[in-house]
Amino acid sequence: MLARSLLTISLLGVCLASFCGSAAAQDADICLVTAERISNGEDVSAEDKAKGHEACQRALSATASVLQKYQFQEADFEILGTRPNN
């Protein structure tokens with residue numbers, strides 16, 4: 001759990017550093033932080049989940065980086081409580 005938190009914080013820093021617009025950086029932040037809260041077992045309201053999901057979708061569309069797209073998709077899966085079947 002600690003390793004995942006540290007990874008998330010590191011990835012958040014990379015994501016924020018690579019976005020040129022503050023709105024895109026804010027979306028990345030909202031997306032990843034909301035997913036982290038859910039992952040940590042915090043009670044997250046439906047409204048906050050919806051905002052997190054929308055932020056993930058905007059962050060996904062704002063980046064061309066495959067790695068960032070993967071990270072935002074994983075965060076969105078966490079927020080929505082859905083996982084694709086492998």
Side-chain angles (χ1 to χ4, degrees):
M1 184 64 82
L2 178 61
R4 184 174 179 179
S5 295
L6 292 175
L7 177 63
T8 300
I9 291 169
S10 297
L11 294 175
L12 178 60
V14 170
C15 292
L16 293 177
S18 65
F19 279 87
C20 57
S22 64
Q26 187 176 20
D27 285 335
D29 184 38
I30 292 168
C31 172
L32 296 174
V33 168
T34 303
E36 183 69 17
R37 289 178 56 206
I38 292 168
S39 176
N40 288 337
E42 288 184 40
D43 189 26
V44 179
S45 70
E47 182 180 341
D48 285 344
K49 285 181 182 180
K51 287 179 183 178
H53 168 66
E54 292 166 5
C56 287
Q57 294 302 303
R58 286 189 300 270
L60 272 164
S61 67
T63 185
S65 167
V66 174
L67 178 62
Q68 288 179 339
K69 285 188 181 292
Y70 172 78
Q71 293 163 346
F72 296 139
Q73 275 188 318
E74 287 295 311
D76 202 28
F77 292 150
E78 186 74 34
I79 292 167
L80 296 175
T82 60
R83 286 267 169 229
N85 294 332
N86 291 331

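This is a predicted model, so every value here is computed, not measured. Just so you know, these numbers use all the heavy atoms, side chains as well, and skip hydrogens, waters and symmetry mates.
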Practice prompt. For Gln57, check side-chain hydrogen bond (donor to acceptor under 3.5 Å, both in side chains) against everything at least two apart and list the hits.
Written response: Asp76
Discussion item. So which atom in Leu32 and which in Ala75 form the shortest heavy-atom distance, rounded to 0.1 Å?
Written reply: CD2-CB, 3.9 Å
Worksheet item: Who passes side chain to side chain contact (heavy atoms under 4.5 Å, CB included) against Ser61, sequence neighbours left out?
Response: none
Worksheet entry | Point-to-point distance, once rounded to the nearest 0.5 Å, from CD of Glu78 to NZ of Lys49 | 9.5 Å
Discussion item. Lys51: which residues meet the side-chain hydrogen bond (donor to acceptor under 3.5 Å, both in side chains) condition with it, sequence neighbours left out?
Written reply: Glu47
Worksheet item: CZ of Phe72 to CZ of Arg58: how many Å apart, nearest 0.5 Å?
Response: 11.5 Å
Worksheet item: Members other than Val44 in its cluster, when Ile, Leu, Val, Met, Phe, Trp, Tyr link by side-chain heavy atoms under 4.5 Å?
Response: Ile38, Ile79
Worksheet item: Counting only N and O atoms by type, is there a donor-acceptor contact under 3.5 Å from the side chain of Thr34 to the main-chain atoms of Ile30?
Response: yes
Worksheet, complete the sentence: The remaining residues in the hydrophobic cluster of Tyr70, counting side-chain heavy-atom contacts under 4.5 Å among Ile, Leu, Val, Met, Phe, Trp and Tyr, are none
Worksheet, complete the sentence: Rounding to 0.5 Å, atoms CD (Glu36) and CG (Asp29) come to a distance of 11.5 Å
Worksheet item: So does Arg37 pair up with Asp43, basic N to acidic O under 4.0 Å?
Response: no
Worksheet entry | Residue pairs fulfilling disulfide bond (SG atoms under 2.5 Å apart) with at least one residue in residues 35-76, sequence neighbours excluded | Cys31-Cys56
